[in-house]
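Since the structure comes first, as structure tokens, the remarks are kept for the end.
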2 protein chains.
Amino acid sequence: MGKAETVSYRDVKRIAVERILNGIWAPGSVLPAETEIAKEFACTRTTVNRAMRELADEGYLERKRKAGTRVRPSPLRQAKLAIPLIREEIEATGARYRYARVSREGLAAPDWLAARLGLEPGAAVVHLTAMHYADDRPFAFEDRWINVAAVPAVAEEGFEDLGPNEWLVQQIPYTEAAFSFGAVAADARLAEFLGVAAGAPLLSADRMTRFREVPVTFAVFYFLPGYRVRTDT
Amino acid sequence: MGKAETVSYRDVKRIAVERILNGIWAPGSVLPAETEIAKEFACTRTTVNRAMRELADEGYLERKRKAGTRVRPSPLRQAKLAIPLIREEIEATGARYRYARVSREGLAAPDWLAARLGLEPGAAVVHLTAMHYADDRPFAFEDRWINVAAVPAVAEEGFEDLGPNEWLVQQIPYTEAAFSFGAVAADARLAEFLGVAAGAPLLSADRMTRFREVPVTFAVFYFLPGYRVRTDT
DNA sequence: CAGTGGTCTAGACCACATG
DNA sequence: ATGTGGTCTAGACCACTGT
């Protein structure tokens, strides 16, 4: 009658989550062994294993050999952030994106930057500032430093037309990045460029990027008051 | 001579990432079919499949049935955020955590809240405000609304000693949450509680929580200037 | 030591999307 | 129509770790 032919790992996941939510598998308690569950569901252990592995990834379960699988006493809270790629973010709203370079300068890394990136003091860097507009309204101000040793071609690039992010993605597509978010008050320069009052609260987003452990770039974006970063979920 | 006995999906992943970073498998290009790769690595397709599936999860690859596996033209940037559980965050720094309720009030949901949570207008809610201290210095101000229908026991709870987050986790351990971050200026009340000047830039973190689609709670946390949220990576 | 999860193999069928 | 990934089965050996 039913259409059940084979049991999918999705089925196992669904039912397992149901049991966790219902408290049938209570927080902290140990689940039956994979072989047991496989027997109950009439599927192979491989299938159960995949289901349980994913549930562990998702923060529901904790697994240890010999000790077994247990329901996380307090659920692991994790959220995925989609990284704001400014151009796409603006165009997704239907607005027209515009980039404008403010300044570009090659110089020796100041101490704070060298310390932050782990560069030798005085290493060559390029300092770049730029504005991003949505339909000609200010959207974000970018303040970026690029490690010349990591991307020698940056010495020849003026960034007049192409934003540094898009340029860098062409040069070094795959990098590791660390982010942080905070609130800062607009100083006179930021206030002018963003068209807000001095002291206005801005969301600042730092981004540190490495390629094979080598620091590539450190960028700070300042967003207009009211802008929010959201999780996908 | 070598110790190679079997090929692990980790080996496949490692080598695949290496090839992507080296440009051997260039952005946008199509990889050989799983059966081909399995032949090359002298392992089963199952093993290749797991490696490729995880690399797709991690943002390196894009997979489609028939079309095959290709290297993401521009890498998918995603970051994992560990959710700030204030008590743990404070205690992790070695500071002493202290919670203090500011106010608690049962009332009908105001329109903006009903709209935001998807409640019927006038639904019963509890409004709670509280302070979180680190070593008796202000750390964050919490402004929270709880849907009584989702957690009837909240009607009996005063939150004098136990913070709402910890209480809620006991009541409903497994929930779905959506977050957003932004910058706001401290109003007079926030300035007083946090010990900063009015207008100071504060990081605000919203958190909307549901259980089986039912809205449970909406909370906003305001953090002192200087506070930053970081990704794990 | 012994039990549990971690992983690989070998083979099969299926679903989907492209041409 | 056909090729590619998606998934399941059945069985095996191994690695870790609690007792």
Side-chain angles (χ1 to χ4, degrees), chain A residues 2-17 19-20 24-73 75-76, chain B residues 2-17 19-20 24-73 75-76:
Chain A
K3 62 179 174 64
E5 302 195 352
T6 68
V7 175
S8 159
Y9 77 98
R10 291 164 196 269
D11 300 328
V12 179
K13 278 182 74 173
R14 190 171 33 75
I15 297 174
V17 168
R19 290 185 181 178
I20 292 171
I24 296 174
W25 287 341
S29 64
V30 178
L31 269 56
E34 292 188 346
T35 48
E36 290 301 312
I37 298 179
K39 209 181 297 173
E40 184 199 338
F41 285 83
C43 64
T44 55
R45 185 166 81 88
T46 314
T47 300
V48 175
N49 181 272
R50 177 161 180 191
M52 294 306 176
R53 183 160 27 92
E54 293 195 357
L55 288 178
D57 269 355
E58 292 167 21
Y60 286 99
L61 303 176
E62 238 171 356
R63 323 192 75 199
K64 267 192 226 165
R65 309 195 183 191
K66 169 73 179 179
T69 298
R70 58 178 60 233
V71 181
R72 271 220 159 74
L76 186 60
Chain B
K3 63 181 172 63
E5 302 196 352
T6 69
V7 175
S8 159
Y9 76 98
R10 290 166 198 271
D11 300 328
V12 179
K13 279 182 72 173
R14 190 170 34 75
I15 297 174
V17 168
R19 289 185 182 179
I20 293 170
I24 296 175
W25 286 342
S29 64
V30 178
L31 269 55
E34 293 188 347
T35 48
E36 290 302 312
I37 298 179
K39 207 181 300 173
E40 184 199 338
F41 285 82
C43 64
T44 54
R45 184 165 82 90
T46 315
T47 300
V48 174
N49 181 272
R50 177 162 180 192
M52 295 306 178
R53 183 159 28 91
E54 294 196 357
L55 289 177
D57 270 354
E58 293 166 20
Y60 287 98
L61 303 176
E62 237 171 357
R63 322 191 76 199
K64 265 193 227 165
R65 302 218 174 181
K66 172 69 174 178
T69 299
R70 59 178 58 234
V71 181
R72 272 219 159 78
L76 186 61

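Please read all numbers here as calculations on a predicted model, not as lab measurements. Proteins come first, then strands; the chains are lettered A, B, ... in the order of their sequence lines, and each starts at number 1.
- Among the heavy atoms of the strands lying under 4.0 Å from B:S8 are primed sugar atoms or P, OP1, OP2 only; no base atom is included.
- For the residue pair A:V48 and A:C43, the shortest heavy atom distance occurs at CG2-SG, 3.7 Å.
- Contact footprint of chain B on DNA chain C: nucleotides with an atom under 4.0 Å from a non-hydrogen protein atom, first to last in 5' to 3' order, C:dT7 to C:dT18.
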* **CA sep, side-chain torsions, deciding dist, call: A:L55, A:V12, side-chain contact (heavy atoms from CB on, under 4.5 Å)** => CA-CA 10 Å; A:L55 288 178; A:V12 179; over 6 Å; no
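- Proximity of residues 45-55 of chain A to DNA chain D (heavy atom under 4.0 angstrom from any strand atom) is restricted to A:R45, A:T46, A:T47, A:R50.
- Of all heavy-atom pairs between B:S8 and B:T47, the closest is C-CG2, 3.8 Å.
- Here the CG-CG distance, from A:D57 to A:L76, works out to 10.5 Å after rounding to the nearest 0.5 Å.
- Heavy atoms only, all atoms of each residue included: A:A56 and A:R72 are closest at O-NH1, 3.9 Å.
- Not counting sequence neighbours, B:R70 has no partner by the salt bridge (charged side-chain N to carboxylate O under 4.0 Å, His left out) test.
- Over its length, the helix from C:dC1-D:dG18 to C:dT18-D:dA1 turns its helix axis by 20°, as judged from the five terminal pairs at each end, rounded to 10°.
- Side-chain contact check for B:V30 versus B:T69: every heavy-atom pair is 4.5 Å or farther apart.
- Across all their heavy atoms, A:K13 and A:E54 have their closest contact at NZ-OE1, 2.9 Å.
- The heavy-atom pair separating B:A42 from B:V7 by the smallest distance is O-CG2, 4.2 Å.
- A heavy atom lying under 4.0 Å from DNA chain C marks the following residues of residues 57-72 of chain A, by number: A:R63, A:K64, A:R65, A:K66, A:G68, A:T69.
- For residues 42-62 of chain A, the pairs satisfying ring-ring contact (aromatic ring centres under 6.0 Å, His included) are A:Y60-B:Y174, with sequence neighbours left out.
- Across B:Y9 and B:A51, no two heavy atoms sit closer than the pair O-CB, 3.6 Å.
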* **Residues B:L31, B:M52; criterion side-chain contact (heavy atoms from CB on, under 4.5 Å); working and verdict** => CA-CA 10 Å; B:L31 269 55; B:M52 295 306 178; 4.0 Å; yes
